[in-house]
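Working notes for the structure below.
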Amino acid sequence: MSSATPVQNTASQVITTDNQSSVEKVNLLGLSLDKMIAFFESIGEKKFRAVQVMKWIHQYGIDNFDDMTNVGKALKAKLQKVSEIRPPEVVYHNFSDDGTRKWVIRVEGGSCVETVLIPAEGRNTLCVSSQVGCSLDCSFCSTGKQGFQRNLSAAEVIGQLWIACKSFGERDPSNPRPVSNVVMMGMGEPLLNFENVVDAMSLMMEDNAYGLSKRRVTLSTSGVVPALRELGDRTDVSLAISLHAPNDELRNELVPINKKYPISMLLDACQEYLDKCDDKRGITIEYTMMDGVNDTLMHAKQLAKVLRRISCKINLIPFNPFPNSGYQRSKPEAVSQFHSYLNSVGIVTTVRSTRGDDIDAACGQLVGQVEDRTRRSAKYAEAAQ
Ligand code: SAH
Ligand code: SF4
């Protein structure tokens with residue numbers, strides 16, 4: 001193995017970083033259009049070649065240069081020498097009875113992440129992971145319990161969409177977008193893998209790649225405020241905020257990054273983001289409902305008050321249990337009461353149906369068994385007495 005600097009995203013580096021015997025190839029899968037063009041220029045080729053190759057990779061699901069019929073022999077040979085199209089490896093896939101598909105994908109270094117496709121009402125929504133594990137340690141999240149291992153490369157992020165589209169077989173001109181929506185709601189905190197996620201999202205929205213509109217690409221964050229501020233200068237995807245609590249005291253406990261960036265600061269940053277976007281869409285507030293923790297009428301009232309100042313809709317997510325989590329899903333009556341109250345005060349509120357339960361593909365179930373490090377169940381049981 002060469003000890004060269006990783007060359008994943010920068011074309012020029014492929015020529016210059018490795019002064020040892022083997023040159024690490026650039027993985028073209030993860031290059032945004034700008035970077036693809038820069039790469040082609042760095043090897044003395046014209047811009048239009050970058051577009052041609054990009055279409056083969058992302059629109060036709062091609063992962064070898066030989067199949068690119070409008071690319072000449074000499075260029076194919078050149079590309080083969082310095083670059084490759086290397087999707088992440090699928091180690092397992094499972095299709096649920098309700099149409100949900102889940103893939104376990106091995107990324108470089110041997111770790112695995114999960115990707116889930118959820119079909120609903122004429123849409124196919126892909127839930128994409130951005131990191132192996134997560135450092136933010138939200139108390140109700142199984143990914144958080146894993147700790148952080150590493151960021152995914154742009155190729156590994158976009159590779160999940162590439163794999164999902166390919167699972168629909170040959171490209172069908174009457175259905176050019178088999179995956180119609182992408183949500184960055186899989187494993188990891190996307191704003192802590194900023195550059196790679198921004199590049200991957202630009203490919204999702206790129207006409208020469210997946211051509212999804214900005215309304216159909218959603219980034220979900222637990223509230224990394226400085227990165228959120230920067231995001232508005234780089235993209236205008238839809239935004240989902242993992243709030244989960246209507247006051248700082250409770251949110252500090254559930255979403256510890258709140259101690260650094262409390263609710264009011266987070267909502268300010270959301271408003272700035274909305275102001276920078278061309279259209280006046282609101283944000284989505286995600287609110288995972290846990291029995292006896294954040295699901296009473298009092299919480300709903302506080303939530304409505306806190307959100308008064310921002311254009312938003314609320315998505316209530318019944319907690320998805322995992323072993324030793326220490327939490328339980330809210331009772332249907334509690335969800336229903338919460339839902340009705342918010343709608344009654346004029347905030348559009350929906351309840352997310354829990355899909356893919358039978359194959360452990362629902363939100364927050366994206367890892368195996370973990371220990372309850374905190375004895376949370378006992379704590380809440382005591383508090384309830
Ligand atoms: N890190 C980002 C995106 C990944 S988590 C974020 O936190 O927004 C995607 C969504 O699933 C978040 O809203 C998260 O709070 C929610 N989630 C995590 N664990 C969950 C669980 N066990 N049950 C239901 N939702 C959960
Ligand atoms: Fe990380 Fe999101 Fe899970 Fe929190 S909810 S630990 S930010 S993946």
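Note that ligands are numbered from 1 as they come in the structure, with each ligand's atoms numbered from 1 the same way. Both backbone and side-chain heavy atoms feed into the values below; hydrogens, waters and symmetry mates do not.
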Do you see a donor-acceptor pair shorter than 3.5 Å between the side chains of Arg101 and Asn94? no
For atom 4 (Fe) of ligand 2, closest protein heavy-atom neighbour: Cys138 SG, 2.3 Å
Answer yes if the side chains of His299 and Asp295 hold a donor-acceptor pair under 3.5 Å, and no otherwise. no
Atoms in ligand 2 with a heavy atom of Gly188 nearer than 4.0 Å: 8 (S)
Side chains of Glu84 and Asn27, donor plus acceptor under 3.5 Å: no
Closest to atom 14 (C) of ligand 1 by heavy-atom distance, out of His244, Gln131, Glu286, is His244
With a 4.0 Å cut-off on heavy atoms, is Ser242 touching ligand 2? no
Atoms of ligand 1 less than 4.0 Å from Thr221 heavy atoms? 6 (C), 8 (O)
Any heavy atom of Met187 closer to ligand 1 than 4.0 angstrom? no
Asp137: numbered ligand 2 atoms lying under 4.0 Å from its heavy atoms: 6 (S)
Option set Ser242, Ser325, Ser130, Pro321, criterion heavy-atom distance to atom 13 (O) of ligand 1, minimum: Ser242
For this output row, return yes or no: ring centroids of Phe95 and His93 closer than 6.0 angstrom. yes
Residue Ser222 vicinity, atoms of ligand 1 by number, heavy atom under 4.0 Å: 6 (C), 7 (O), 8 (O)
Using 0.5 Å steps for rounding, measure from the OG atom of Ser139 to the CG atom of Asn252. 11.0 Å
Does Gly186 have a non-hydrogen atom less than 4.0 Å from ligand 1? yes
Tell me the nearest of Leu254, Asn320, Thr143, Thr288 to atom 16 (C) of ligand 1, using heavy-atom distances. Thr288
For ligand 1, which part of Phe140 has a heavy atom less than 4.0 Å away: the side chain, the backbone, both, or neither? both
Does Cys141 put an N, O or S atom under 2.8 Å from atom 4 (Fe) of ligand 2? no
What I'd like to find out is whether the side chain of Tyr287 reaches to under 4.5 Å of the side chain of Leu342, using heavy atoms alone. no
Tell me whether Asp291 is salt-bridged to Lys331, with the criterion being a basic N under 4.0 Å from an acidic carboxylate O. yes
Taking only heavy atoms of Gly144 into account, list the atoms of ligand 2 that are under 4.0 Å away from them. 6 (S)
For atom 7 (S) of ligand 2, what's the nearest protein heavy-atom neighbour? Residue, atom name and distance, please. Ser222 OG, 3.5 Å
Mind running side-chain hydrogen bond (donor to acceptor under 3.5 Å, both in side chains) on Asn124 and Asn181 for me, showing each step along the way? CA-CA 6 Å; Asn124 279 327; Asn181 296 61; over 6 Å; no
For residues Arg309 and Leu267, determine if any side-chain heavy atom of one lies less than 4.5 Å from a side-chain heavy atom of the other. yes
Flag the pair Glu41 and Lys46 as a salt bridge only when some basic side-chain nitrogen lies within less than 4.0 angstrom of an acidic carboxylate oxygen. no
Check each heavy atom of Cys134 against ligand 2 and say whether those closer than 4.0 Å belong to the side chain, the backbone, both or neither. side chain
Heteroatom distance test (Glu189, ligand 1): nitrogen or oxygen, under 3.5 angstrom: yes
Does the side chain of Glu286 pick up a donor-acceptor pair with the side chain of Asn315 at under 3.5 Å? no
Could you list which atoms of ligand 1 come closer than 4.0 Å to a heavy atom of Met184? 3 (C)
Establish, from distance only, whether the side-chain atoms of Asn247 and Glu249 form a donor-acceptor pair under 3.5 Å. no
Report yes or no: does a heavy atom of Gly188 sit under 4.0 Å from some atom of ligand 1? yes
Just which atoms of ligand 1 are under 4.0 Å from any heavy atom in Cys141? 18 (C), 19 (N)
